[in-house]
Structures are given as structure tokens and as C-alpha cells.
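Worksheet: the structure to be examined is printed underneath.
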Amino acid sequence: MQPATEPSQRINRTPGQAYLWLAVLIFGASSAVTRKITEIGAQHFVGGQNPISLCNVLFVGNLCALVVLLLLHRRHWNRRTLGQLARREWVSLAMVAILSGALAPGLIFQALALIPVTNVVLVSRLEPPVTLALSLWLLRERVNRWESMGAIAAFIGVALTILLQPAKEPLMQMGNFHIGLGELLAILGAVALAISTIIGKKRLSKVPLGIYSTVRTGLGTLIFFIAALALYGQDHFAGVFSPFLWQWMLLYGIIIVVVGQSFWIAGLRASSVSTASLIGSFVPLAGILAAYLILGEVPTRAHYIGGGVILLGLLLSQVGIQHQTARRVAMTRVTAAPAEQAIEARMGFKGI
């Protein structure tokens, strides 16, 4: 039995914050890495198709994530635990899988194909204020003024990011207002993630984190696969067996998915909600830095102004978390689905 306990002892000796910071750096780089490897694939077509298409990256990456989650949370998958879940909870899990496991990633990946990574990172920051607004409206949650000011600042920052830069083709017209299709897809992805967070808060409070994460990833991947085949045809994933794809997906899968997800889960298990939320809020900053270092994307004036206001919103929201009336909630461990969703809502898209 001794060899089996040594890995867990080593993990316990490493501060949870260290794992969270490493995961934040990895997740922040995911969008830039995704764009980079798809650009490499565009230079090595196989059968007239890019073998490292965004759909292939998302599909294969999620399969890698599913394997990791099954290994990490295998103790939850037993008849007793599964039997405790009500039918309503299974239906809610399916809804979350559709929204956050299939729809939102698909929209965000499509946005990555149309607009700069920095735009996607900043515009997707619409998720926290939308989540807060839905919490007030549907869940009747009480929110302190710091969180409210943070949400308003984040919303203004996103609006400034969109309005202060010229919209690029393709454009979508909404009344007298024009918005780039890429920005619109990122907004819709953020809204889908916000709705899934509300469902989790409302109906999945008693679902173990391991079951929630695994079902969301596994069912979301299946739904995404079926939807892509229905929309784009049966040959859409023809390049998924390309050796060239798997050469790069081993890098993506091992670093972004396996290592990133493992660090994140290890960090969550050893950290309080407030600590995980604070560290997770740095994912957008890591994403912008990665876009500059990996892709050479230089932030524009709109990015500096909008990003600065969004950063202010993140800081105000974090002050609100620290000043929560129920301190015992902020300092508890992350063991349930709603807690992880609340943290991830402040992080943005993690690449899987």
C-alpha cells in the first residue's frame, strides 16, 4: 500500500496555489496555442483539408480531457454514488453538457478562426456580468456592491473593446449597430457559459465535482461530434486520424489538457474558493500575454482601454468576494459543481 500513497503525499506537500498558478498559465496560453497549431496545419493540407482544424483540435482535446477526468475521478463512478442522483439532476447535467461542453466551446473556437485571440479573450469576459445578472434575476441572490461594480466595469470594458476598434468582415447588423461575426460568436459563447453556471447553481449543488466534470466533458464531446457531422457532413472529421494531427495533439493534449487539467484539479482540492477565484481571474491576462508571445499580437488602443476597465472589474469583484458576509462560504474547499462553475466563470474559456 505504501507506493500508492506516495504520489498523494507529494501532492499534499505542494501548495495548492502553486498548482493553480501553473494551471492558469497553461489555460491562458491555450487559445494562442490552438491558433498557432491550426496555422501550422493550414500549411500541411491532407486530402484538401487542414488536419489540425479547430473542430479536430476541440474534439481530440476533449477526448484527452475525458481520459484524464475518468482517471482522476474514478472513485466517484460507482453504483452507490450514481444512484443518489435524481432524474432532474441528470437532465440538468445534460443541459450543462450541451451549453458548456459543446455549444460554448464550438462558438469560441469558431470566433478564434475569425478574430484575434486578444479580442476573444477580452470579449468573453462578458460571462461574469451576465452570470451575475442572471443570478440576481433568476436565483434572487444577494450581491454586494463591490461585485456589482465589478460586473458593471467588466461589461463596460467589453463594450469599449468592441466599439473602439473598427469592425472587420464578416459583419452582423443589429439595428443601427454593426458587430463583427467573431465578436458576436464570442459573446454568444460567454452567454452559453453563464446560463450553464446558473443551471449548476440551481440544480447541481449536490452533484460531486468528479461526476459533474466528467459528464460535462464526455457528453459535451459526443454532442459536439454529432452536431458537427450534421452541420458539415460526414467527412468533416476525416483528418482526425492524420498522423500529422496527432503529432501536434500529443503536445496540445499532454500540456494543455492533461497537465493543465491535472494541476487545476489538484489545486482546487487543496485551495479555498476565494483563493481559487483570485488566481483563476488571471487567466485572461495570461491569454493576452500568450497571444503576444506566441502569435505576435500587439494589443491595440481598444485592447488597452477595454482590457484596463475589465481588469478594474476583476479587482472590484475580487474585493467583493473577500468581503462576503458569509466568510465560511468563501473559505470552504472546492468540492461541488457550483463552486467550480463560479470560479471558472471568472476565468473564461480554458481551452477544453
Side-chain angles (χ1 to χ4, degrees), residues 17 20-21 23-25 27-32 108 111 115-137 141-167 179-180 182-183 186-187 189-191 193-194 197 271-293 297-325 327 330 341-350:
Q17 294 92 325
L20 291 176
W21 279 114
V24 162
L25 293 176
F27 291 147
S30 63
S31 294
I108 292 173
I115 57 178
V117 170
T118 304
N119 279 31
V120 176
V121 171
L122 292 178
V123 173
S124 62
R125 290 294 74 218
L126 188 66
E127 181 188 350
V130 172
T131 302
L132 186 66
L134 292 177
S135 297
L136 290 170
W137 177 36
E141 287 189 355
R142 297 184 63 182
V143 179
N144 60 51
R145 61 179 180 178
W146 292 102
E147 289 185 285
S148 299
M149 290 189 297
I152 294 172
F155 180 83
I156 294 174
V158 171
L160 290 174
T161 301
I162 296 174
L163 295 175
L164 293 180
Q165 60 182 334
I179 184 173
E183 283 81 5
I187 290 173
V191 172
L193 290 172
T197 299
S271 303
S272 65
V273 172
S274 59
T275 299
S277 178
L278 173 61
I279 297 176
S281 65
F282 282 88
V283 168
L285 295 179
I288 295 173
L289 180 61
Y292 174 74
L293 295 176
E297 287 188 7
V298 179
T300 64
R301 173 173 168 268
H303 293 150
Y304 281 119
I305 296 175
V309 177
I310 291 172
L311 177 60
L312 175 62
L314 289 174
L315 294 175
L316 292 174
S317 295
Q318 193 57 43
V319 171
I321 293 174
Q322 298 298 328
H323 284 77
Q324 282 179 343
T325 304
R327 291 289 295 175
Q341 282 189 316
I343 295 168
E344 291 184 354
R346 292 179 170 84
M347 291 174 59
F349 186 60
K350 300 190 293 150

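Each residue takes its place number in the sequence, starting with 1.
Of the possible donor and acceptor atoms, one in the side chain of Glu297 sits under 3.5 Å from a partner among the backbone N and O of Val117.
Here the shortest heavy-atom pairing between Ala153 and Gly313 reads CB-CA, 3.6 Å. Here the shortest heavy-atom pairing between Ala290 and Ala29 reads CB-CA, 3.6 Å. Between Ala194 and Thr131, the closest heavy-atom pair is CB-OG1, 3.2 Å. Shown here for Pro129 and Ala151, the closest heavy-atom pair between the two residues is CB-O, 3.4 Å. The two residues Ala291 and Thr118 come nearest to each other via the heavy atoms CB-OG1, 3.8 Å. Smallest separation of non-hydrogen atoms from Leu122 and Gly307: CD2-CA, 3.9 Å.
Counting heavy atoms from C-beta on, the side chains of Leu315 and Val319 never come closer than 4.5 Å. Considering only heavy atoms from C-beta on, Ile187 comes within 4.5 Å of Ile162 through its side chain.
Here Leu316 contributes atom CG and Leu311 contributes atom CG; the two are 9.5 Å apart, rounded to the nearest 0.5 Å. Taking CG from Leu132 and OG1 from Thr197, the interatomic distance works out to 12.0 Å, rounded to the nearest 0.5 Å. Taking CD1 from Ile152 and CZ from Arg145, the interatomic distance works out to 13.0 Å, rounded to the nearest 0.5 Å. The distance from atom CD1 of Ile310 to atom CZ of Arg125, rounded to the nearest 0.5 Å, is 7.5 Å. Taken to the nearest 0.5 Å, the OG1 atom of Thr161 stands 11.5 Å off from the CZ atom of Arg301. Distance OG/Ser317 to CG/Leu312: 9.0 Å, rounded to 0.5 Å.
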Discussion item. The test is side chain to side chain contact (heavy atoms under 4.5 Å, CB included); show your working for Leu285 and Leu314 and say whether it passes.
Written reply: CA-CA 11 Å; Leu285 295 179; Leu314 289 174; 5.5 Å; no

Practice prompt. Please test Ile156 against Leu160 for side chain to side chain contact (heavy atoms under 4.5 Å, CB included), starting from the C-alpha separation and ending with a verdict.
Written response: CA-CA 6 Å; Ile156 294 174; Leu160 290 174; 3.9 Å; yes

Item to complete: Step by step, work out the side chain to side chain contact (heavy atoms under 4.5 Å, CB included) result for Leu193 and Ile108.
Response: CA-CA 11 Å; Leu193 290 172; Ile108 292 173; 4.2 Å; yes

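For Ser135, the side chain to side chain donor-acceptor pair (under 3.5 Å) test picks out Lys201, with sequence neighbours left out.
Sequence neighbours left out, the pairs with a member in residues 302-316 that pass side chain to side chain donor-acceptor pair (under 3.5 Å) are Asn119-His303, Thr300-His303.
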